[in-house]
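So the structure is just underneath, and the comments pick up after that.
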Amino acid sequence: MPELAEVEFYRRRWSAGHGDRVRAVRVHAGKPLFRQCDPARLVRGLTGATLLGSEAAAKQMLFRFSGGGWLGLHLGMSGELRVEAPAYAPARHDHLILVQRARQLVFSDPRMFGAVRWHQGPRPPEWWTRLPPPIRSAAFTPAAVGAFLQRRRRAPLKAVLLQQERFPGIGNWMADEVLWRAGLHPRRAAGGLTPAEVRRLHRACRTVCRQALAVIAGAGGRLPPDLNAHIPRSWLFWHRWEDGGRCPRTGVPLVRETIGGRTTCWSPGRQRPS
DNA sequence: CCAATTGTTATTTA
DNA sequence: ATAAATAACAATTG
């Protein structure tokens with residue numbers, strides 16, 4: 001499930017453990033989740049360390065520990081972070097648990113497309129510092145979007161929006177939401193947009209990211225009880241999987257089809273193929 | 001049994 | 001050689 005805003009939502013859950021020491025680590029070593037790290041070193045580094053802080057960017061999270069330890073998490077397709085009571089008994093898909101005095105920080109991922117990384121050193125790891133500039137940053141300009149679209153000019157817009165090197169954090173539902181807001185058909189060739197359409201796409205990316213973060217991860221106040229609790233009914237989000245779902249703006253029946261290898265939903269009329 | 005799933009990457013095709 | 005499409009990864013559900 002997790003895209004930009006969901007990742008931030010889950011990171012903030014674990015921030016309940018900031019400032020507390022990790023007394024023990026439970027890990028399903030040998031699972032593909034740990035292919036990018038050495039589970040033995042992970043456990044050795046985490047045990048006894050204090051969780052000092054954390055950040056999320058794109059679909060990545062980075063947790064900082066005392067002693068120069070950095071824990072990287074990616075939630076893949078089905079990952080989630082939870083906070084459980086000290087007495088909680090681990091379930092089958094709880095592949096990494098940081099046990100603290102007052103709680104357990106649980107990383108659960110049934111499909112195991114996620115990843116766990118461990119880095120030891122004074123500075124954050126290379127993979128983190130080299131992430132592309134966020135969509136909400138000043139570096140995400142219409143010119144940068146336009147240049148990227150030109151390089152992928154024959155690919156459908158939907159496929160291009162899913163490329164993390166230019167649209168970090170965008171996933172399947174956010175891509176559909178962006179194209180719907182911009183009024184662009186997902187099958188349009190990336191290189192065929194007018195300058196005005198590129199600007200619309202750029203603006204829709206920023207708007208969707210900003211609003212999704214506010215609504216899903218909480219603007220500044222407290223975390224919503226549930227991921228989707230505050231997503232407005234006026235978003236495509238709620239209608240894209242419904243059978244007989246209708247465009248919340250035009251009332252026209254929505255269409256679903258595979259584009260760029262992923263199930264894609266759009267509103268005919270509002271998003272024209274040429 | 002077949003199909004589907006909010007992600008990424010290796011491999012194949014054009 | 002490059003870019004686009006496809007398969008594969010694993011688990012679960014309809």
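Below, read A as the first sequence line, B as the second, and so on, with proteins coming before strands; counting in each chain starts at 1.
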**Arg249(A) NZ/CZ over Trp180(A) ring centroid, <6.0 Å and within 45° of normal** =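 Flagged: Arg249(A) positioned over aromatic ring of Trp180(A).
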**Message:** Pick the closest DNA chain B nucleotide for Thr263(A) and for Gln60(A) by heavy atoms, then say which residue is nearer the 5' end.
**Reply:** Thr263(A)
In whole angstroms, how far is the [atom2] atom of [N] from the [atom1] atom of [X]?
| X | N | atom1 | atom2 | result |
| --- | --- | --- | --- | --- |
| Tyr10(A) | dG7(B) | OH | C1' | 14 Å |
| Glu165(A) | dT8(B) | CD | P | 12 Å |
| Leu162(A) | dA5(C) | CG | P | 12 Å |
| Leu131(A) | dT8(B) | CG | P | 11 Å |
| Lys158(A) | dG7(B) | NZ | P | 9 Å |
| Asp176(A) | dG7(B) | CG | P | 10 Å |
| Arg117(A) | dT8(B) | CZ | C1' | 11 Å |
| Leu75(A) | dT8(B) | CG | P | 10 Å |

Side-chain donor-acceptor pair under 3.5 Å between [X] and [Y], yes or no?
| X | Y | answer |
| --- | --- | --- |
| Gln104(A) | Arg26(A) | yes |
| Trp118(A) | Gln120(A) | yes |
| Arg23(A) | Gln100(A) | no |
| Gln211(A) | Arg181(A) | yes |

**Request:** Test salt bridge (Lys or Arg N to Asp or Glu O under 4.0 Å) on Glu197(A) and Arg188(A) and set out the steps.
**Result:** CA-CA 11 Å; Glu197(A) 289 174 327; Arg188(A) 291 272 304 274; 2.8 Å; yes
Can you pull every protein N or O that's under 3.5 Å from an N or O on nucleotides 11-14 of chain C?
unit_1  : atom_1 : unit_2   : atom_2 : d
dT12(C) : OP1    : Arg92(A) : NH2    : 2.3
dT12(C) : OP1    : His93(A) : NE2    : 2.7
dT12(C) : OP2    : Arg92(A) : NH2    : 2.9

**Message:** Does anything in residues 166-178 of chain A form a side-chain hydrogen bond (donor to acceptor under 3.5 Å, both in side chains)? List the pairs, not counting sequence neighbours.
**Reply:** Glu6(A)-Trp173(A), Lys158(A)-Asn172(A), Lys158(A)-Asp176(A), Asp176(A)-Arg240(A)
**Prompt:** Is there side-chain contact between Trp241(A) and Thr263(A), with at least one heavy-atom pair below 4.5 Å?
**Reply:**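 In contact.
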**Min side-chain heavy-atom separation Ile231(A)-Trp238(A) under 4.5 Å** = yes
**Request:** Note every stem involving DNA chain C: at least three consecutive Watson-Crick or G-U wobble pairs, i with j then i+1 with j-1, with both distances under 3.5 Å.
**Result:** B:2-5 with C:11-14, B:7-14 with C:2-9
In whole Å, what separates the [atom1] atom of [N] from that of [M]?
| N | M | atom1 | answer |
| --- | --- | --- | --- |
| dT12(C) | dT9(B) | P | 24 Å |
| dT13(C) | dT8(B) | C1' | 23 Å |
| dA7(C) | dA3(B) | P | 12 Å |

**Request:** Would you confirm whether the ring centroid of Phe140(A) sits within less than 6.0 angstrom of the ring centroid of His202(A)?
**Result:**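 Ring centroids of His202(A) and Phe140(A) are less than 6.0 Å from each other.
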**Item:** Arg262(A), nearest nucleotide to its side chain (from dA4(C), dG7(B), dA10(C))
**Value:** dG7(B)
**Prompt:** If you check the Gln164(A) side chain, which of dT8(B), dA4(C), dG7(B) turns out closest?
**Reply:** dT8(B)
**Message:** Categorize Arg153(A) for me: base, sugar-phosphate, or nothing, with a 4.0 angstrom heavy-atom threshold over every strand shown.
**Reply:** sugar-phosphate
**Request:** Select base, sugar-phosphate, or nothing to describe what Gly171(A) touches, counting heavy atoms under 4.0 Å on all strands.
**Result:**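 The residue Gly171(A) makes sugar-phosphate contact but no base contact.
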**Request:** Determine if Phe113(A) stacks with dT8(B); use a centre-to-centre distance below 5.5 Å and an interplanar angle below 30° as the criteria.
**Result:**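 No; by the centre-distance and plane-angle rule, Phe113(A) does not count as stacking on dT8(B).
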